[in-house]
Amino acid sequence: MNYYEVSLPALESDVSPELRALVERQAKSWEENNFDLAAADWLSDGVLVSPAGKWLAHELKTEMEKFHREYMDLVVTIKNVFATRDGSRLAVEWDWTVTRRSDGLRGTTPDAIIAELVNGKIKSWREYFDLASSVEAKM
């Protein structure tokens, strides 16, 4: 094997069904503008951090509603989900495709997420994407 050839196990299949479902609920709640679908996944002091800002769990419903006033037709495509053996950390790759209501501009933003979980609940959800290249920043 050459140094640039890497054989990796299928880590996604190693993610428990419960953790995969948690990620799917987070995506679906944003797509449907329904934080109640995913609220139970968050600790009361949980926090979402992204290049766009920082929100405590109790602020996410309002932030989601605000987002959907400006954008529509959100589709989240989950590409990869990885977890530590103990389930305390998640890494997620997903694409966020959305249309801006004001002018109909549609775009896709690749997004990487590192989440910290405590007893299966989200303590922190940190998103990494280039805000400058996303439709949300092209005003």
Side-chain angles (χ1 to χ4, degrees):
M1 178 185 317
N2 293 325
Y3 71 92
Y4 55 86
E5 293 176 0
V6 178
S7 177
L8 296 175
L11 294 176
E12 187 167 346
S13 64
D14 294 338
V15 174
S16 73
E18 294 81 13
L19 292 179
R20 178 71 185 194
L22 180 145
V23 172
E24 290 170 355
R25 280 191 302 276
Q26 295 307 306
K28 187 174 181 178
S29 71
W30 278 96
E31 288 176 333
E32 296 183 8
N33 189 19
N34 185 353
F35 183 67
D36 293 340
L37 292 174
D41 293 327
W42 289 83
L43 291 172
S44 61
D45 63 345
V47 62
L48 184 149
V49 179
S50 83
K54 178 179 178 179
W55 300 271
L56 297 173
H58 72 271
E59 300 170 313
L60 289 175
K61 182 174 184 164
T62 301
E63 184 58 28
M64 190 178 288
E65 291 166 351
K66 177 182 167 190
F67 177 86
H68 279 272
R69 284 192 297 272
E70 297 179 30
Y71 302 95
M72 62 185 183
D73 302 326
L74 174 60
V75 175
V76 178
T77 304
I78 300 168
K79 298 167 75 176
N80 287 298
V81 180
F82 304 96
T84 56
R85 286 190 195 272
D86 65 0
S88 67
R89 301 278 193 284
L90 282 177
V92 179
E93 287 181 287
W94 68 23
D95 287 343
W96 183 279
T97 303
V98 68
T99 302
R100 190 167 52 216
R101 290 182 185 275
S102 64
D103 62 5
L105 182 63
R106 187 156 180 82
T108 299
T109 302
D111 191 358
I113 299 151
I114 302 295
E116 178 185 359
L117 307 176
V118 175
N119 297 322
K121 304 273 186 185
I122 300 168
K123 174 75 174 172
S124 69
W125 183 276
R126 297 178 314 277
E127 301 206 14
Y128 301 91
F129 57 88
D130 184 359
L131 186 60
S133 65
S134 71
V135 72
E136 292 93 332
K138 296 177 185 174
M139 296 298 234

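Starting from 1, each residue takes its place in the sequence as its number. Basis for what follows: all heavy atoms, side chains included, without hydrogens, waters or symmetry-related copies.
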(request) Quick one: pull up OH in Y71 and OG1 in T97 and give me the separation to the nearest 0.5 Å. (result) 14.0 Å
(message) Nearest 0.5 angstrom please: D95 CG to T109 OG1, how far?
(response) 8.5 Å
(request) For the pair V75 and R106, evaluate side-chain contact (heavy atoms from CB on, under 4.5 Å) and give the outcome as yes or no after the intermediate values. (result) CA-CA 11 Å; V75 175; R106 187 156 180 82; 3.9 Å; yes
(message) The criterion is ring-ring contact (aromatic ring centres under 6.0 Å, His included); which residues satisfy it with W96, sequence neighbours excluded?
(response) W30, F67
(message) In the structure I gave you, are the side-chain heavy atoms of L105 and T99 within less than 4.5 Å of one another anywhere?
(response) no
(request) Return the minimal non-hydrogen interatomic distance between S44 and A57, and the atom names on each side. (result) O-CB, 4.2 Å
(request) Check whether L74 and W125 end up in the same hydrophobic cluster, where Ile, Leu, Val, Met, Phe, Trp and Tyr are linked by side-chain heavy atoms less than 4.5 Å apart. (result) yes
(message) Side chains of L19 and V81, heavy atoms from C-beta outward: is any pair under 4.5 Å?
(response) no
(request) Identify the residue among E65, E63, E59 that makes a side-chain contact (heavy atoms from CB on, under 4.5 Å) with K61. (result) E65
(message) Ignoring hydrogens, what is the shortest heavy-atom contact between S50 and F129? Give both atom names and the distance.
(response) CB-CE2, 3.9 Å
(request) Drop me the distance from E32's CD to L37's CG, to the nearest 0.5 angstrom. (result) 5.5 Å
(message) If you apply the rule side-chain contact (heavy atoms from CB on, under 4.5 Å), what do you find for L43 with N119, and how did you get there?
(response) CA-CA 9 Å; L43 291 172; N119 297 322; over 6 Å; no
(request) Treating Ile, Leu, Val, Met, Phe, Trp and Tyr as nodes and any side-chain heavy-atom pair under 4.5 angstrom as an edge, say whether V76 and V92 lie in one connected cluster. (result) yes
(message) Within this structure, what is the CG-CE distance for the pair N33 and M72, rounded to the nearest 0.5 Å?
(response) 14.0 Å
(request) Decide yes or no for T108 and T77: does some side-chain heavy atom of the first lie under 4.5 Å from some side-chain heavy atom of the second? (result) no
(request) Name all residues meeting the salt bridge (Lys or Arg N to Asp or Glu O under 4.0 Å) criterion together with E31; count only those two or more places apart in sequence or in a different chain, and write none if there are none. (result) none
(message) For L22 versus G120, what's the shortest heavy-atom pair and its separation?
(response) CD1-O, 3.6 Å
(message) Grouping I, L, V, M, F, W and Y whenever their side-chain heavy atoms are under 4.5 Å apart, do I114 and V47 come out in a common cluster?
(response) no
(message) So, using salt bridge (Lys or Arg N to Asp or Glu O under 4.0 Å) as the criterion, who are the partners of D111 when residues are at least two apart?
(response) none
(message) I need the full list of salt bridge (Lys or Arg N to Asp or Glu O under 4.0 Å) pairs touching residues 119-128, with sequence neighbours left out, sorted by first then second residue.
(response) D45-K123
(request) Would you give the length of the straight line joining atom OG1 of T62 to atom CH2 of W55, rounded to the nearest 0.5 angstrom? (result) 12.0 Å
(message) Can you tell me how far apart CD (Q26) and CD1 (I113) are? Round to the nearest 0.5 Å.
(response) 9.0 Å
(request) Check side chain to side chain donor-acceptor pair (under 3.5 Å) between R89 and all other residues, then give those that pass, not counting sequence neighbours. (result) none
(message) Strictly distance-based, threshold 3.5 Å: is any side-chain N or O of R101 a donor or acceptor partner for the main-chain N or O of H68?
(response) yes
(request) Check side chain to side chain donor-acceptor pair (under 3.5 Å) between E24 and all other residues, then give those that pass, not counting sequence neighbours. (result) R20
(message) If you compare all heavy atoms of R25 against all heavy atoms of D41, which two are closest, and at what distance to 0.1 Å?
(response) NH2-OD1, 2.7 Å
